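Since this is a predicted model, take the numbers as computed values, not measurements. Residue numbers begin at 1 in each chain, while the letters A, B, ... track the order of the sequences.
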Amino acid sequence: MRFLYLLTTIDRRIIYGLVFLATTLPFLFKKSPSVQITPEVEKVYRFIDNLPPGSRIVISADYGPSSMPEIQPMLYGICRHAFTKGHRVYLLTHWNYQGLIAGQDGIMSAVRDFNREIREGKHPERTDTLIEGVDYVSWGFRPGGVAVMLLMNSDIRMAFSRDVRGVLLDSLPAMQGFRNLRDLGTVENPKGILIGLEAGFTGDVWVVYGQAQGRWPMALGSTAVVTPSYYTYLEAGQIIGILGGLKGAAEYEQLAGFKGQASIGMLSQSIVHILVVVLIFLGNLGFFLARRK
Amino acid sequence: MNIWELIGIWLAALLTFAVFSFLYRDNPVYKWAEHLFVGVSAAIGVYAALDQSIVPAVREALAFPGVFKVITWIAVFLGALILFKLEALATYLPNLTFLSRYPIAFVTGMGVGLTLVNVVNGYLFPQTQATFLPLFNIQGASWLTLLNNWIIVLGVVFALMYFFFSAEYKGKLGTVLQIGITFLMVAFGAMFGYTVMARLSLLIGRIYFLLHDWLHLI
C-alpha cells in the first residue's frame, strides 16, 4: 500500500527527468518509424500533387518561433513538394515580425536545399535554380488582419504593393496574371491553393472572412493545440484538409518521400506518449486503491 | 558556418538550459533568461511595428492617387489620436484623453459591421448546413458513415441543450443534459490530448536543436 501511496506523490522533477530521457534517448537510435497516413493530410498532398505545373501555392505563416518545432516542418515539406511539382510559392504573414522570422526561415531553407539538389542533378527536369520573384515571392506582413484578407480577395496589390525586399509586385514574373485570391480558382477547377499555417486562431479568420467570400481552395496546417477546432471546417467542406501538429507534418514528409525533422521526432513522440499514458494510469490506480483502503 | 552563427547556436543552447533550470526550482539564471527574453522581444516588437507596419503602410497609402490620399490622412490622424491614451500623455492632458475613443469607436464599428455579415455567411450558415446529415437509408454509404452522422447530429443537439438554462435539470431533461455533458467532456478530452501532444512536440523541437545543431550527434 505504501507503494500505491508513493505513486500519487511522485516528485514532479522525477517525472520531468523521465520525460526528458524518453524524449532524448530515441533520437540517438536515429530511427524514424513510418506513420499511418490520415485522409485529411493525404487530401492536401494529393491536391497539390494534382495541380498543373506553375500553379500558385499561397502560404500564410501565422505563427512564431515558439511554434516552429511543429509548423516549420510543414512549411518546409509543402515548399519542397511545390517546387518539385513546378508550382510557385507565395508567402505572407499576419503575425508581424514573428511570422516573418519563421516564414522566411522556412521558405529559404527549402529553397536552399532544393537549389543544392538541382546543382547535384537530383532534379533533371530543372536546369536552372529557383529564383526569387519567379519561383517564389515573399509578400511579408501588413497590419489589418481581416481587412488584408478582404482586400486580397479583390486585389492583392491593395494589400501588398511590394514584396519583402521592397520590389514592386507588378515587376515580378511570378505575379503576372495574379490579381487576387480568386485567381486560385475553385475546388472543382483549381489553379492554386491557400494554406494557412496556424498557431492561433488566424485560421478561423482566413476561413470565415477569406475563403467564405472567395470560395478558393484552402487547407490548414496547425499546432496540435488548435487542430481540434479546425476539424469543424473540414467536416463542413470549407477546407480540403488539415495537417495537425508534428504528426501531420511527419505524414506529409512521408508522402513527399523524404525524412525531415518531423519524421525524426516521431519515435520520441510515440515513446513519450506511452510514458504519459502509463503515468496517468499509475497515478489514477494509486489514487483509487488508496481511497478504497 | 561563420562565427556569428556559432555564437548564436551556443547562446541559444545555453539559454535553453537556463530556461529548463526552472523545472528544478526558480533561480537567478532562469530569471535572467526570462528578463532577457522580455527585453529583446519588446525591442524587436517596437522596431518591427515601425519598420514593417506603420511606416510602409503610411508610405504606400500616400502613394495612392486622389481621394485615397485624403482617406489615408484621415486614418493617420485617427491613429495618432490613440496616443492620448498613453499614460504619459493622459497624466498631463487628462481633458484630452477622450479623443482616444474616436479611433477605438471607428475600429469597433468597422469590426462589428464586418463580423455581422461575414460570420453569418462564413461560419453560421456553413456550420449549420454541415449538421443537416442523412440519418437513414443512404445509398452506397457504409454503416460507419451512418454512425458518424448520428454522432454529429446528436452531439450538436445534446450539446446545445446543455446550454439551455431556463429549466431545472431533472427527469428526462436531466438525462439529456448528462448526455450533452458527456459529448462536451469527450471534446475536451480530445483537445487536452492534442494539447499534450503539442507541448511534447515543442520539447522534441528543443531536444532536436540541442542534439542536431549544437552537439551534432544526429
Side-chain angles (χ1 to χ4, degrees), chain A residues 12-13 16-17 19-20 23-24 27-28 30 66-70 72 96-98 100-101 140-144 146-147 150 158 160-162 164 166 204 207-213 223-229 232-233 235-238 244-247 261-262 264-265 268-269 272-273 276, chain B residues 20 23-25 41 44-45 47-49 51-54 56-57 60-61 63-64 68 110-111 114-115 117-131 133 148 152 187-188 190-212 217-218:
Chain A
R12 63 186 166 83
R13 282 165 287 204
Y16 292 148
V19 170
F20 181 78
T23 312
T24 309
F27 272 115
L28 303 177
K30 297 180 181 176
S66 60
S67 305
M68 280 172 75
E70 277 188 285
Q72 204 71 341
N96 202 348
Y97 65 97
Q98 296 190 53
L100 267 181
I101 292 170
F141 165 78
R142 282 293 172 276
V146 171
L150 293 173
M158 290 287 280
F160 300 93
S161 60
R162 294 167 189 272
V164 77
D204 294 273
V207 175
V208 174
Y209 293 89
Q211 196 277 339
Q213 306 302 316
T223 55
V225 175
V226 294
T227 299
S229 64
T232 52
Y233 301 119
E235 286 294 329
Q238 292 176 279
L246 197 66
K247 163 81 166 36
Q261 189 181 333
I264 294 166
S268 288
Q269 192 165 59
V272 82
H273 279 181
V276 170
Chain B
F20 279 1
L23 296 175
Y24 184 71
R25 70 160 69 117
S41 297
I44 294 175
Y47 166 75
D51 186 61
Q52 299 288 333
S53 307
I54 299 168
E60 285 174 21
F64 288 133
F68 288 110
M110 193 187 76
L114 286 173
T115 303
V117 178
N118 289 291
V119 167
V120 170
N121 183 38
Y123 190 81
L124 192 61
F125 282 172
Q127 290 299 316
T128 310
Q129 194 180 15
T131 61
L133 296 166
N148 278 339
I152 291 170
F188 293 151
M191 285 180 182
F192 187 65
Y194 264 107
T195 304
V196 171
M197 187 167 103
R199 301 305 178 223
L200 291 173
S201 299
L202 299 184
L203 177 66
I204 288 168
R206 232 26 348 229
I207 301 288
Y208 179 84
F209 164 77
L210 292 173
L211 296 178
H212 182 261
L217 286 176
I218 55 172

Check each atom of B:I54 against the heavy atoms of chain A and say whether the ones under 4.5 Å are side chain, backbone, both or neither.
neither
Please flag which part of A:T232 lies under 4.5 Å from any non-hydrogen atom of chain B: side chain, backbone, both or neither.
both
Top contributor to chain B interface from A:K247, A:Q238, A:Q211 [non-hydrogen pairs under 4.5 Å]
A:Q238
Among the listed options B:F20, B:Y208, B:F192, the residue most often paired with chain A at heavy-atom distances under 4.5 Å
B:Y208
Heavy atoms only: give me the nearest A:G140-A:F160 pair and the separation to one decimal.
O-CE2, 3.6 Å
Take a 6.0 Å sphere around CZ of A:R12 and say whether it holds more than 12 heavy atoms from other residues, nucleotides or ligands.
yes
Best-contacting candidate, A:L28, A:N96, A:T223, against chain B by heavy atom pairs under 4.5 angstrom
A:N96
Of B:L202, B:N148, B:N121, B:T195, the largest count of non-hydrogen pairs under 4.5 angstrom with chain A goes to B:L202
Toward chain B, the part of A:E235 with a non-hydrogen atom under 4.5 Å
both
Give a yes or no answer on whether the side chain of A:Q98 reaches the backbone of A:S66 with a donor-acceptor pair at less than 3.5 Å.
no
Out of B:G122, B:G111, B:S41, return the one with the most heavy atom pairs under 4.5 angstrom to chain A.
B:G122
Side chain, backbone, both or neither: which part of A:V226 has an atom under 4.5 Å from a heavy atom of chain B?
neither
In terms of heavy-atom pairs under 4.5 Å with chain B, which of A:A212, A:G244, A:P69 leads?
A:P69
What part of B:I218 lies closer than 4.5 angstrom to a heavy atom of chain A: side chain, backbone, both or neither?
both
Would you say that A:V276 contacts B:L200 through its side chain, given a criterion of any heavy-atom pair below 4.5 Å between the two side chains?
yes
Less than 4.5 Å apart, any side-chain heavy atom of B:R199 and any of A:V225?
yes
Less than 4.5 Å to any heavy atom of chain A: does that hold for the side chain of B:T115, its backbone, both, or neither?
both
Pair count under 4.5 Å, heavy atoms only, with chain A: among B:G193, B:A49, B:G45, B:A190, highest is B:G45
Residue among A:H273, A:Q261, A:K30 with most heavy-atom pairs under 4.5 Å to chain B
A:Q261
Please confirm whether the backbone N or O of B:Y47 pairs with a side-chain atom of B:D51, one donor and one acceptor, at under 3.5 Å?
no
Using a 6.0 Å distance limit plus a 45 degree cone around the ring axis, check whether A:R13 lies over the aromatic ring of A:Y16.
no
If we only count heavy atoms from C-beta on, is the B:Y123 to A:V207 side-chain gap below 4.5 Å?
no
Between B:L203 and A:V272, is any pair of side-chain heavy atoms under 4.5 Å apart?
no
